[in-house]
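Read the structure below first, then the notes.
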Amino acid sequence: MKYDFGRIEKKWQKIWEDKKVYAAVTGSEKPKFYGLIEFPYPSGEGLHVGHPRPYTAMDIVTRYKRMQGFNVLFPIGFDAFGLPTENYAIKNKIHPSIVTKRNIARFTEQLKMLGYGFDWDRVVDTTQPEYYHWTQWIFLKLYEKGLAYKATIPVNWCTSCKCVLANEEVVNGVCERCHSEVVRKEKSQWMLKITEYAQRLIDDLDGLDYIERVKIQQKNWIGRSVGAEIDFDTTAGDRIRVFTTRPDTLFGATYMVMAPEHALVAAWQSRLENPEEVRAYQEAAARKSDFERTELAKDKTGVELKGVRAVNPATGEEIPIFISDYVLATYGTGAIMAVPGHDTRDWEFARAFGLPIVEVVAGGDVTKEAFTDCETGVMVNSGFLDGMTVESAKKKITQWLTEKGIGSEKVNYKLRDWVFSRQRYWGEPIPMVYCDTCGWVPLPESQLPLLLPEVENYETTDNGESPLDRMTDWVETTCPHCGGHARRETDTMPQWAGSSWYFLRYMDPHNNEALASPEALEYWSPVDWYNGGMEHTTLHLLYSRFWHKFLYDLGVVPTSEPYKKRTSHGMILGEDGQKMSKSRGNVINPNDVVAEFGADTLRLYIMFIGDFEKAAPWSTNAVKGCKRFLDRIWNLAEKRIEGDGGYSSANEKIVHRTIRKVGEDIENMKFNTAIAAMMSLVNAFYETKPTRGEIRTLLTLLSPFAPHIAEELWEIQGFEGLACQAQWPVYDEAKTVDADREIAVQVGGKLKTTVTVPADCDDEVAIAAATSDEKIRRLMEGKQLVRTIVVKNKLVNLILK
RNA sequence: GCCGGUGUGAUGGAAUUGGUAGACGUAGUGGACUCAAAAUCCACCGCUGGCGACAGCGUGCCGGUUCGAGUCCGGCCACCGGCACCA
């Protein structure tokens with residue numbers, strides 16, 4: 001009989017579903033294992049061949065864990081709010097909820113086609129009121145604790161999405177989603193104080209089993225730097241506060257620079273001798289987008305504030321003050337002390353404006369470039385700091401500033417608060433109303449969920465307001481506090497809201513009293529293993545850690561971190577080695593692959609394609625290799641093999657080795673070599689026909705990778721139960737090794753031949769075997785053996801003279 | 001510029017972490033089966049020289065440590081990812 005993958009795959013998918021073999025049981029006595037993959041955004045295009053890589057990997061891991069006796073939670077859901085659906089809905093005049101339903105149905109069908117062991121009774125959909133009820137609830141809690149606030153700030157405005165973006169969503173000055181221009185715009189926005197958690201988000205990384213580059217990238221994004229804040233007196237009477245990481249260079253501060261938006265500029269308006277020039281510069285800076293500002297970074301520009309001067313507190317000298325857009329309003333205090341001798345940007349600015357450059361750290365040549373080295377320099381021209389190292393000068397000056405009351409140590413972060421408002425329809429409504437007398441008032445929890453109203457027209461507006469703004473009968477409401485007239489918030493939450501806590505909902509997805517029951521949270525937390533894309537490192541991963549820590553502080557969740565372990569997969573590229581995209585026409589559709597080769601072959605190939613963490617190009621040709629492998633297994637096992645469950649002496653060693661290799665490789669996500677090991681085993685079975693026990697072991701090992709064919713052959717062989725519920729085989733370490741070892745014989749470190757010796761034999765025996773080899777004896781003729789190096793079971797190296 | 005990562009046959013990739021480089025797969029070559037093709041099975045498959053046993057070379061480049069380096073150290077080059085006037 002032929003290997004009819006189409007029939008087999010449908011047959012077993014139905015049986016697994018009917019028997020609910022992948023159901024997770026909250027509170028089971030077995031040890032729990034929670035494996036998580038990033039839930040997909042159900043786009044109109046459906047699954048493409050990149051999706052199955054992380055899904056298959058975690059499917060293998062969780063199937064393996066299940067066979068080892070774990071109570072496994074491996075859930076799936078849909079992150080369904082978001083712009084593409086809304087844009088598609090606008091274009092085709094269909095309501096986004098209908099589009100979403102359709103897309104989810106298609107995704108579900110495709111995911112089932114691939115035979116994943118998801119617990120389908122726990123599916124979540126972020127757009128369902130039963131779900132976003134709790135997204136809104138978390139927002140209310142954030143507001144209650146002062147972590148959600150409304151602020152008018154310059155925001156990133158995507159000109160195409162007509163919507164604000166978080167800093168994390170702006171990539172190279174353009175929208176990460178649609179690649180359109182992003183401009184600055186002043187808007188009143190809901191903000192979340194993620195900065196309050198900056199330090200904990202760094203510190204707690206240490207105890208986590210995340211791949212190193214994720215930790216590093218998160219730390220860089222949070223961008224902690226230690227320095228000092230220093231107050232400078234001015235001739236206007238006001239003080240300018242600056243932040244610096246190099247307080248040691250205070251004696252070298254020869255001028256100051258403030259951001260063009262700095263509040264003191266306006267306050268000094270009447271004192272300035274050149275108000276027109278200053279105003280012109282401010283306006284020019286305001287017009288530029290962030291992108292333009294950084295694009296034009298090469299040449300430093302600025303205007304001196306004539307009429308006001310600052311005093312360097314260390315030297316007592318008066319120094320000029322400039323405004324320049326190389327100083328950012330949003331970082332530190334929006335003002336700096338400029339030390340051109342020891343800061344590259346200040347050096348360039350001083351050069352451009354002919355300002356004095358004073359050397360205060362010896363070791364470089366400040367007439368040629370700024371000397372920024374902190375390791376080797378020695379303080380000079382710095383009064384009481386002279387002769388010190390940079391490190392000790394930092395301590396000394398900070399102490400001096402503190403005593404004088406004009407400065408103190410300070411830690412700053414690049415991370416900024418999370419802009420949480422979006423001017424779009426297809427998102428969670430923010431449960432807040434604005435009352436004419438009470439100001440912003442949160443909805444009482446009893447009024448949740450605040451439903452997203454059905455609207456006729458959800459198109460974006462050009463005035464920058466949300467489409468909901470036009471819904472007067474929804475917008476106009478009464479204040480829950482005083483009963484007076486109030487208006488609802490019309491912005492919605494960003495897509496990252498629903499995904500910041502979805503893994504908690506999986507633990508107890510149908511709970512109407514809480515986001516999940518305390519028992520379920522206690523039992524399943526934390527996620528044991530979370531695999532996802534590197535592109536989410538500073539977005540979803542950081543946001544969800546923040547929310548989880550907040551929920552931990554509230555006492556809602558039992559752990560301070562959501563994910564114990566985080567791994568990441570590489571992208572699947574097109575056959576041309578380029579990123580798959582519709583416009584390049586190199587997209588591979590999994591449906592086509594399944595139709596031609598079957599789901600098991602696709603699963604195998606996508607895991608065999610290369611190192612899981614690295615990008616790999618698709619090769620339709622190479623898929624055949626995996627199909628052949630399954631065909632070869634089918635040929636071996638399509639007829640019942642009789643006999644007992646033992647192993648033959650010929651195959652015993654390789655069977656034990658393969659069990660060890662496959663298990664270890666699954667744990668280390670080295671699926672490609674696990675499959676290679678199984679291929680070698682099958683090749684061995686073509687040399688020496690497998691026994692009933694050997695076939696049983698092969699099918700058990702194969703089951704997590706290619707579950708359908710394993711199940712079918714399991715049935716044909718008449719083994720008890722289901723293959724996917726079989727116990728993972730154990731190996732005997734002693735049986736993985738030979739009695740004899742083939743060891744290398746080197747002369748002067750170069751391989752000359754190999755000899756066979758008993759395993760773990762004495763060095764003398766190995767040397768004797770090596771030196772009695774015919775070829776080695778010839779090489780040794782007329783030479784003197786001066787030294788021998790023996791590595792047990794590996795090699796003998798003979799040094800001749 | 002800063003922070004990560006990668007560089008191995010025609011090709012996707014292996015290599016017990018300093019110990020026989022190229023597992024496994026693809027492509028290719030030869031053979032078996034077949035009227036033939038496909039499929040399948042068997043064998044070969046880093047480069048150079050030699051009929052051959054064999055010899056020399058070989059993991060981006062240059063140097064070093066070591067009995068021994070794809071692996072460690074120093075200096076380059078190329079590509080990929082992240083950050084980028086963050087004081």
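Atoms considered below: every heavy atom in the structure, side chains included; atoms not considered: hydrogens, waters and symmetry mates.
Minimum atom distance to the side chain of A:Arg213 is reached by B:G4, of the listed B:G4, B:U6, B:G19. With B:A55, B:A15, B:C41 as the choices, the nucleotide that has an atom nearest any side-chain atom of A:Tyr686 turns out to be B:C41. Here the side chain of A:Lys670 is nearest to one of B:A87, B:C85, B:A15, namely B:A15. For A:Trp221, counting side-chain heavy atoms from C-beta on, the closest listed nucleotide (B:C67, B:C57, B:A84) is B:A84. Counting only heavy atoms from C-beta on, A:Thr754 has its side chain closest to B:U20 among B:G19, B:U20, B:A84. Distance from the side chain of A:Asn797 is smallest for B:G68 among the nucleotides B:A84, B:G68, B:U20. Proximity note for A:Ile789 (side chain, C-beta onward) versus B:U6, B:G13, B:G19: the nearest is B:G19.
Because its glycosidic torsion is more than 90° from 0, B:U26 is reported here as anti. Classified by its glycosidic torsion, B:G64 falls in the anti category, the angle being over 90° from 0.
Separation of the P atoms belonging to B:C61 and B:A10 is 14 Å when rounded to the nearest angstrom. Between B:A14 and B:G25, the distance separating the two P atoms is 15 Å to the nearest Å. Nucleotides B:G75 and B:G68, compared at atom C1', are 24 Å apart to the nearest Å. Comparing the P positions of B:A38 and B:C33 gives an interatomic distance of 15 Å, to the nearest angstrom. The same atom, P, is picked in B:U6 and in B:C57; the two are 29 Å apart, to the nearest Å. Between B:A15 and B:C72, the two P atoms lie 14 Å apart (nearest whole Å). Separation of the C1' atoms belonging to B:A69 and B:C62 is 16 Å when rounded to the nearest angstrom.
Relative ring orientation between A:His342 and A:Phe371 is described as perpendicular, the plane-to-plane angle rising above 60° on a 0-90° scale split at 30° and 60°. The aromatic rings of A:Phe349 and A:Phe353 sit parallel, their planes meeting at an angle under 30°, below the 60° perpendicular limit.
Residues A:Glu409 and A:Lys394 are not paired through a salt bridge, judged by the lack of any N-O separation under 4.0 Å between the basic side chain and the carboxylate. Here A:Asp206 pairs with A:Lys219 in a salt bridge; the nearest charged N to carboxylate O distance falls below 4.0 Å. A:Glu733 and A:Arg660 are joined by a salt bridge, as a carboxylate oxygen and a charged side-chain nitrogen come within less than 4.0 angstrom of each other. A salt bridge is absent between A:Asp773 and A:Lys775; no separation between the charged side-chain nitrogens and carboxylate oxygens falls under 4.0 Å. Under a 4.0 Å N-O distance rule, the pair A:Glu38/A:Arg566 qualifies as a salt bridge. The residues A:Lys193 and A:Asp417 are annotated as not salt-bridged, no charged nitrogen and carboxylate oxygen being separated by less than 4.0 angstrom. We find that A:Lys670 and A:Asp611 are not joined by a salt bridge, their nearest charged nitrogen and carboxylate oxygen being 4.0 Å or further apart.
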Dot-bracket assigned to RNA chain B with the 3.5 Å Watson-Crick/G-U criterion, [ ] for crossing and | for other-strand pairs, is (((((((..(((......[....))).(((((.......))))).((((....))))..(((((..]....))))))))))))....
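Using a 4.0 Å heavy-atom criterion, one finds that A:Ile336 contacts the bases of the nucleic acid, with or without backbone contacts as well. Within the 4.0 angstrom heavy-atom criterion, base atoms lie near A:Leu795. When heavy atoms are screened at a 4.0 angstrom cut-off, A:Lys627 is found touching no nucleic acid atom at all. Using a 4.0 Å heavy-atom distance criterion, A:Asp611 is classed as a sugar-phosphate-only contact. The residue A:Glu212 sits apart from the nucleic acid: no heavy atom pair falls under 4.0 Å.
Proximity of A:Lys775 to the phosphate of B:A55: a side-chain N or O atom is located under 4.0 Å from OP1 or OP2. In terms of phosphate contacts, A:Lys410 brings no side-chain nitrogen or oxygen within less than 4.0 Å of OP1 or OP2 of B:A87. Under 4.0 angstrom from either OP1 or OP2 of B:A87 there lies at least one side-chain N or O belonging to A:Ser225.
Between A:Lys752 and A:Leu779 there is a side-chain heavy-atom pair separated by less than 4.5 Å.
Using a distance-only test at 3.5 Å, with no hydrogens or angles considered, a donor-acceptor pair links the side chain of A:Tyr255 to the main chain of A:Asp346.
With rounding to whole Å, A:Asp248 atom CG is found 13 Å from B:A87 atom C1'.
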Readout for nucleotides 21-34 of chain B: B = base within 4.0 Å of protein heavy atom, S = sugar-phosphate only, - = neither; 5' to 3' it is S-BBSSS-------
